[in-house]
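Reminder, nothing fancy here: chain letters follow the sequence lines and each chain counts from 1.
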Amino acid sequence: MSDTDQIKYNLLLVGGSPSNLALAHKLVALAKESNQKLSIAILEKAREFGGHIVSGAISNPHVIKKLFPNYEELGFPIEGVCDESFFSVMGAHKKWDVPRPLMPDEFKKEGYFVLTLSYVVSWMANQLKEVIKDVPNVTIDFFPGFSAHEIIYDGNNKVIGVRVSHTERPDDDYVYADVTVFGDKGFLSQDLIQKFDLRQNPQMWSVGVKELWEVPGDYRNKVWHTMGYPLLDGTFGGGFVYGMKNNRLTIGLIISLDSPNPNINPQQQLQEYKKHPWIQEMIREGRLIKYGAALLPEGGYYSLPSKFAVNGAMLAGDALGVLNARRLAGVDMAMECGYQAALVLHEAFKEGNFSQEKLNQYQKNLQGTFVMKDLYESRYFRYAFMENPRLLGEYLPTVSKSIDTGSPFMGMLKVGLSHPLTAPFDGLRVKSLFDGKRDLGPLAYKPCREHIKPDFTPPALDEDTHYRKDTIYSRPDAVFYASTKYHEENHHIDEFEAATCMQCIDTYDAIGKSTPCVSDCTAEVHRVDEIEGARKHGMSLENCIQCRTCEIVCPEANLRVNPTEEGSGPDFLGL
Amino acid sequence: MSGITDIIVLIKQVPDTTSKAGLNPDGTIDRARAKRMLNPFDRYALQAALHVKKTYGGKVTALSMGPPPAVEILLEAIEHGADQGYLLSDRRLAASDTLATAYALHKCILYLGKFDLLFTGLQTTDGDTAQVGPQIAERLDLSQVTYCEGFSIQNGKLHARRIIEGGHQDVITELPALVTVANAYHTLEYKTIRGARLAQELLRDEALKNQYIHTITLDDVNADPELCGLKGSPTIVAHTDKVGQIGGQCTMHQGKSADILIKEIMDCTNIKEFAKQ
């Protein structure tokens with residue numbers, strides 16, 4: 001190998017994601033059988049694999065078992081196996097566990113794995129290093145601390161690799177490959193999707209904020225999903241509490257960004273959630289260990305790209321957007337993408353054919369799996385809430401309130417009495433939309449930012465005042481628990497036009513509100529600076545935990561969050 | 001043309017300062033169990049060497065002395081762009097003090113042959129003597145620039161700036177010269193993907209690794225074992241005192257708002273007692 005040759009591989013995986021690592025595992029297994037020669041590179045922007053991974057996570061273990069039949073023996077990291085799951089509606093003071101017969105099936109998680117996904121990803125990378133030792137015909141180079149910044153095309157618009165750095169030696173900046181698979185969360189794959197106009201409907205994003213606690217009680221294998229308090233302004237979302245081994249508790253909140261509310265402040269909403277007496281009871285004597293946030297692609301079936309592959313490249317996992325919001329399932333969907341992509345890639349490498357036609361066999365194959373079946377069935381789930389703002393804006397708050405004052409059934413009765421004509425109809429329609437039984441044809445979404453109404457004011461939140469103050473964290477304090485670390489001269493968020501930001505600040509100043517970037521940041525990055533009498537947008541980039549919420553909610557699409565360089569960013573390992 | 005062809009950088013593997021693992025009960029370092037890292041001061045020496053390579057040309061050789069795991073830091077140097085590494089590894093070197101170490105290393109440098117510049121860090125985080133660099137210069141009869149915070153090469157001469165108390169001093173010297181590099185001037189650059197790829201390739205391919213990383217012994221460099229290791233070290237460690245577990249009585253209050261932190265600190269019993277006094 002010379003010092004100036006091109007850095008080239010057969011396969012380049014962008015992102016140390018569950019999808020890409022599942023792909024690598026399956027492909028190595030196939031190549032071991034067939035003796036196919038392969039060189040693979042995996043880029044991961046975090047300092048170590050798993051360092052930028054945040055997820056709940058509660059996962060159907062079927063794909064894990066398929067990929068690693070002897071997963072227990074191999075030491076696959078599991079926090080617990082759910083033995084009791086609840087779906088609860090929250091008032092500000094009380095919580096109501098929906099009785100089992102009334103509980104939607106998708107909230108029944110018994111037998112599912114409770115996972116710390118960052119550990120899973122770290123394990124999958126390490127396990128790959130072990131497996132590869134017995135497969136001399138395949139080499140894998142792992143590049144933690146290297147991110148992809150630009151997609152490289154040849155003259156015929158075939159993807160031929162990515163740019164990873166910007167040194168004085170171009171030969172050192174590009175990694176080339178026969179096929180590049182994007183398993184990122186849209187950081188870079190959005191460029192590919194835009195270039196080939198693959199996404200007819202924009203992706204709908206939610207932001208998830210999560211804290212990991214060490215608590216005195218043992219809640220292992222218990223799983224709660226909640227609706228209601230503190231999300232009572234019509235915004236789609238919900239909370240989750242998962243009991244894990246070693247007296248740890250995951251507490252999180254997922255909030256959709258197609259909210260009219262310009263000032264969501266997800267991190268503070270999570271603090272509101274934690275003020276609830278039920279959670280207080282659990283964490284009162286506990287200790288916060290870690291904090292983090294990440295986006296979830298929730299558009300589902302109608303946000304999927306029209307093609308899952310182009311010449312020389314494929315999309316997987318969150319880059320594709322296979323998360324199923326209804327089933328709260330993402331990990332198994334992403335892993336199945338990787339599994340199916342590996343089957344197609346193995347053939348493609350045997351034939352030396354990396355055309356879109358060949359690679360997109362992957363899309364057809366996915367059609368035959370639970371991934372596309374589930375997504376199709378749930379295709380109107382999010383839409384059911386969009387088309388009918390009464391569900392979250394009126395019915396849910398009414399029921400939530402009645403939980404505090406006596407009985408949830410009173411609330412339901414109230415809903416029925418106040419909407420005698422619409423409520424029963426709404427109920428039936430929602431049921432049919434959730435199940436995908438009614439066909440409305442394809443949907444058209446607006447980007448999240450277009451849902452924001454600057455003058456929207458959420459109803460005042462009733463809050464329980466008996467919480468322990470030291471269990472509640474301000475946003476700058478929370479950043480401490482994300483352990484961010486950045487290199488000198490880090491500039492990973494682009495602000496395209498300063499004047500656009502100033503105008504936006506003026507608009508929100510005039511109505512006494514914060515701009516969405518300032519309020520919805522999960523980590524105290526965006527701020528307004530007074531400079532010589534002018535109010536300008538400023539950023540404390542050293543706080544950024546790489547969630548990309550600002551990019552999605554910026555009303556003017558004036559921000560872009562790039563992947564961090566040099567292994568910078570938060571440390572989510574263990575979160 | 002600068003005429004620079006060969007640059008040597010001396011680097012050392014030290015116990016990871018962030019880890020408490022690897023301490024013997026008597027407080028000395030158990031190097032076999034300790035987590036290891038590249039001496040942080042040496043990163044600046046390596047950066048200076050790579051800067052010369054980029055600016056003036058030449059080949060960078062990283063040289064280290066230590067037990068076999070020290071190969072890890074040579075690979076790290078290769079990730080950052082060093083061209084090759086030499087590890088002087090020999091049981092007879094165990095317990096060398098600075099005199100013995102400088103003797104052994106100067107023999108290595110003679111073994112490597114011609115060079116234009118020799119970089120070292122200011123000191124190490126385990127010994128903290130800052131003696132080895134200057135001793136090597138003396139043994140090799142080289143000009144030495146210590147505490148160097150910036151330099152350029154003009155007409156075959158090294159123009160360097162040294163940190164001195166109350167300011168800095170500009171010096172000019174002929175090459176070859178030894179430079180101990182201060183933690184300033186150069187921004188530490190991140191490893192390159194080419195280097196990271198090569199390092200992984202070397203780990204897979206023993207034959208290729210042997211082309212890039214050479215492990216040598218005292219016999220290879222023609223060093224007298226009597227002058228190395230414990231035998232060659234006049235330094236006597238009379239005894240060591242354990243100063244106690246650092247942080248034993250210390251609680252960190254962090255990551256919370258000021259009012260909560262103040263309350264937590266005021267709740268500490270020793271603070272209360274202190275306040276009473």
Let me know if Y9(A) has heavy atoms under 4.5 Å from chain B in its side chain, its backbone, both or neither.
-> side chain

Could you walk me through whether D5(A) and R194(B) pass the salt bridge (charged side-chain N to carboxylate O under 4.0 Å, His left out) check?
-> CA-CA 10 Å; D5(A) 62 345; R194(B) 182 181 298 283; 3.0 Å; yes

Given a strict heavy-atom distance threshold of 4.5 Å, which part of K191(B) is in contact with chain A: side chain, backbone, both, or neither?
-> both

If you round to the nearest 0.5 Å, how far is CD of E189(B) from CD of E566(A)?
-> 9.0 Å

Heavy-atom closest contact (Q6(A) atom, R197(B) atom, distance) | O-NH2, 4.0 Å

Are there more than 12 heavy atoms of other residues, nucleotides or ligands under 6.0 Å from atom NZ of K8(A)?
-> yes

Give a yes or no on this: more than 12 heavy atoms of other residues, nucleotides or ligands lie within 6.0 Å of atom OH of Y147(B).
-> no

OG1 (T139(A)) and CD (Q200(B)) are apart, to the nearest 0.5 Å, by 9.5 Å

Chain B contact via V479(A) - which portion, at a heavy-atom distance below 4.5 Å = neither

Does CD belonging to Q154(B) count more than 12 external heavy atoms closer than 6.0 Å?
-> yes

Kindly compute the distance separating OG1 (T187(B)) from NE2 (H487(A)), expressed to the nearest 0.5 Å.
-> 11.0 Å

Interface residues of residues 140-148 of chain A facing chain B - non-hydrogen atoms under 4.5 Å apart | I140(A), D141(A), F142(A), F143(A), P144(A), G145(A), F146(A)

For D172(A) and I193(B), the nearest pair of non-hydrogen atoms, with its separation, is O-CG2, 3.4 Å

Would you call D470(A) and K263(B) a salt bridge, taking side-chain N to carboxylate O under 4.0 Å as the test?
-> no

